[in-house]
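Report on one structure; see the data block that follows.
FYI, side chains are in, hydrogens and waters are out, and symmetry mates aren't considered; it's all heavy atoms of this structure. In the text below, chain A, chain B and the rest are named by the order of the sequence lines, each starting its count at 1.
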Number of protein chains: 2
Amino acid sequence: MGTMRTQHEIGTRERIVRTTSRLMQRQGYEATGLKQISQEAQATLGSVYHFFPGGKRELAVEAVRHGDREFAEFLRAAFDKEDDPAAAIVACTRDLAEELRESGWLDGCPVTTTALESVGRAPEIQQAAEDAYENWRTLVRDKLTRSGFAGDVAHDLAHTVINTLEGAELSAQVSQSEAPLEIAGRHLARLIDSYR
Amino acid sequence: MGTMRTQHEIGTRERIVRTTSRLMQRQGYEATGLKQISQEAQATLGSVYHFFPGGKRELAVEAVRHGDREFAEFLRAAFDKEDDPAAAIVACTRDLAEELRESGWLDGCPVTTTALESVGRAPEIQQAAEDAYENWRTLVRDKLTRSGFAGDVAHDLAHTVINTLEGAELSAQVSQSEAPLEIAGRHLARLIDSYR
DNA sequence: ACACGAATAGAACGAACGCTCTATCCAGTA
DNA sequence: TACTGGATAGAGCGTTCGTTCTATTCGTGT
């Protein structure tokens with residue numbers, strides 16, 4: 001039988017994944033230790049290896065997938081609120097900047113740091129990160145095609161929208177300023193509008 | 001008296017900085033050990049601490065500054081070859097993609113990984129990274145203003161040019177594909193042209 | 001009451017980490 | 001020939017890493 005569980009409590013496994021995702025978002029893969037994860041997740045090292053026999057690597061893959069779902073949810077929410085795709089992207093940059101500032105410029109993209117550290121060194125993690133980016137691009141592309149943009153135009157725009165958001169958020173973190181994201185929003189809207 | 005040195009040989013200090021920059025570009029800050037640096041730079045641990053008493057942190061700052069100068073040189077070269085700024089950016093994306101592919105998708109931005117790992121954890125390194133981004137933006141802005149773009153337009157475009165290059169290179173690395181950079185080049189040129 | 005697997009718990013392992021320390025080498029100067 | 005200080009050399013410090021291991025507890029079906 002499946003595990004009986006109250007609606008609002010989450011299991012140990014999920015708590016470990018969320019903690020790992022948040023820690024690697026802020027510190028990256030290498031700087032995040034399993035001891036720290038187990039402590040902050042209020043789990044023991046035994047539990048961590050019970051749920052993730054593959055160790056730190058497997059845990060990182062799950063953390064990246066969690067970050068994938070998290071940001072996808074963020075995009076869906078923004079796309080549901082705004083009908084116009086260009087306006088929706090601008091709303092994204094605004095919300096992203098606000099969240100970033102409120103976290104003391106610490107909570108950037110939950111995938112990027114780990115992704116960069118894994119390039120050429122941890123294929124499973126890199127693959128999970130690639131899946132995430134592709135997932136996000138698909139959400140943007142579908143939003144654009146539903147607004148009447150041609151398939152190939154929407155495909156290319158989706159690439160640049162995600163990549164520019166990524167780069168602008170990185171820059172905003174490093175310079176502790178909302179400007180890069182605000183500028184990115186305006187430019188992306190202008191770029192999208194230029195294809196109408 | 002200054003050190004006498006033949007034109008083409010480089011000193012131990014410079015060799016350590018270059019090695020550190022290349023290693024941190026590929027592996028990031030945390031995954032790069034001082035033992036590995038000293039071995040690959042053909043220097044001893046004693047020499048490393050002799051030239052960099054501040055240890056790994058100080059070494060990382062120098063490595064980021066080295067990466068700063070390196071990419072600035074790359075931008076200057078591209079801007080000198082192409083008169084038109086939009087064409088120059090496209091040339092940048094092409095060369096960047098080629099270098100990336102030739103390195104087996106390993107040699108991305110020499111600053112980004114270390115910068116992300118340092119956010120909120122190592123202020124000196126973060127500052128060096130911020131200086132690098134600002135330096136590169138200034139190069140782009142000057143190129144644009146020299147071609148007749150208004151100051152504020154050039155300022156904003158410089159932000160998005162650098163940030164989009166950054167995000168596209170990251171995406172190209174993770175997906176091992178030149179497409180993100182090729183698309184970024186086309187879109188940035190279109191965005192620049194839209195302000196003429 | 002009993003059994004059994006899932007889950008929890010944390011001690012302990014070898015390896016690697018950043019860094020400190022002392023010793024040695026060697027060119028320039030008196 | 002002695003002295004000096006920059007540079008080289010590497011053993012060893014304490015700590016932390018990811019991982020393994022055995023033991024115990026918990027929850028549920030019989």
Side-chain angles (χ1 to χ4, degrees), chain A residues 1-6 9-21 23-24 26-64 113-114 117-118 121-125 128, chain B residues 1-6 9-21 23-24 26-64 113-114 117-118 121-125 128:
Chain A
M1 274 295 160
T3 309
M4 196 56 152
R5 187 177 296 155
T6 312
E9 70 169 331
I10 61 176
T12 302
R13 198 197 126 98
E14 180 68 14
R15 209 165 55 244
I16 293 171
V17 171
R18 291 190 194 185
T19 302
T20 305
S21 179
L23 285 174
M24 289 192 178
R26 297 194 172 201
Q27 314 177 343
Y29 175 82
E30 296 287 347
T32 301
L34 292 184
K35 293 240 164 79
Q36 186 186 14
I37 291 172
S38 67
Q39 282 170 13
E40 298 209 9
Q42 297 185 104
T44 63
L45 220 38
S47 297
V48 172
Y49 275 95
H50 170 75
F51 289 111
F52 308 95
K56 199 181 181 183
R57 291 272 185 105
E58 183 181 348
L59 201 38
V61 169
E62 291 303 314
V64 167
T113 311
T114 304
E117 288 179 280
S118 75
R121 315 181 74 239
E124 332 93 283
I125 305 177
Chain B
M1 275 293 166
T3 309
M4 195 56 151
R5 187 176 294 154
T6 312
E9 69 168 332
I10 60 175
T12 303
R13 197 198 128 98
E14 181 68 14
R15 210 164 55 245
I16 292 171
V17 171
R18 293 190 192 183
T19 302
T20 305
S21 180
L23 285 175
M24 290 191 178
R26 297 195 173 201
Q27 313 177 344
Y29 175 82
E30 295 286 347
T32 301
L34 292 184
K35 293 242 165 74
Q36 185 186 13
I37 290 172
S38 68
Q39 282 170 13
E40 299 209 9
Q42 297 186 104
T44 62
L45 213 43
S47 297
V48 172
Y49 275 96
H50 172 73
F51 288 111
F52 307 96
K56 198 181 182 184
R57 290 274 185 102
E58 183 181 348
L59 202 37
V61 170
E62 291 303 315
V64 167
T113 311
T114 304
E117 288 179 279
S118 76
R121 315 182 74 240
E124 331 94 283
I125 305 177

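- Between Thr114(A) and Thr32(A), every side-chain heavy-atom pair lies at or beyond the 4.5 Å cut-off.
- Taking atom CZ of Phe52(A) as the reference point, atom P of dT20(D) lies 16 Å away to the nearest angstrom.
- Protein atom CD of Gln27(B) is 10 Å distant from nucleotide atom P of dC17(C), rounded to whole Å.
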Please set out all donor-acceptor pairs under 3.5 angstrom arising from side-chain atoms of residues 42-51 of chain B, sequence neighbours excluded.
from     : atom 1 : to       : atom 2 : distance (Å)
Thr44(B) : OG1    : Ser47(B) : N      : 3.3
Thr44(B) : OG1    : Ser47(B) : OG     : 3.2

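- Side-chain N/O atoms of Ser47(B) include one lying less than 4.0 angstrom from OP1 or OP2 on dT8(D).
- Atom CD1 of Ile37(A) and atom C1' of dT16(D) are 14 Å apart (whole Å).
- At whole-Å resolution of the value, CD in Glu14(B) and P in dA7(D) are 14 Å apart.
- Separating the CD atom of Gln39(B) from the C1' atom of dA9(D) is a distance of 14 Å, rounded to the nearest angstrom.
- For the OP1/OP2 pair of dT8(C) and a distance below 4.0 Å, the side-chain nitrogens and oxygens of Thr12(A) include at least one atom meeting the criterion.
- Pairs passing the salt bridge (charged side-chain N to carboxylate O under 4.0 Å, His left out) check and including a residue from residues 29-48 of chain B, sequence neighbours excluded, read Arg22(B)-Glu40(B), Glu30(B)-Arg121(B).
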- Summarise protein proximity over nucleotides 18-25 of chain C in one line of letters, 5' to 3': B for base, S for sugar-phosphate only, - for none, counting protein heavy atoms closer than 4.0 Å. SBB-----
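- Phe51(A) places its CZ atom 11 Å from the P atom of dA9(C), with the value rounded to the nearest Å.
- Thr113(A) pairs by the side chain to side chain donor-acceptor pair (under 3.5 Å) definition with nothing, not counting sequence neighbours.
- Partners of Gln39(B) by side chain to side chain donor-acceptor pair (under 3.5 Å), not counting sequence neighbours: none found.
- For His50(A), a side-chain nitrogen or oxygen approaches OP1 or OP2 of dA7(C) to under 4.0 Å.
- The salt bridge (charged side-chain N to carboxylate O under 4.0 Å, His left out) search around Arg13(A) returns Glu62(A), not counting sequence neighbours.
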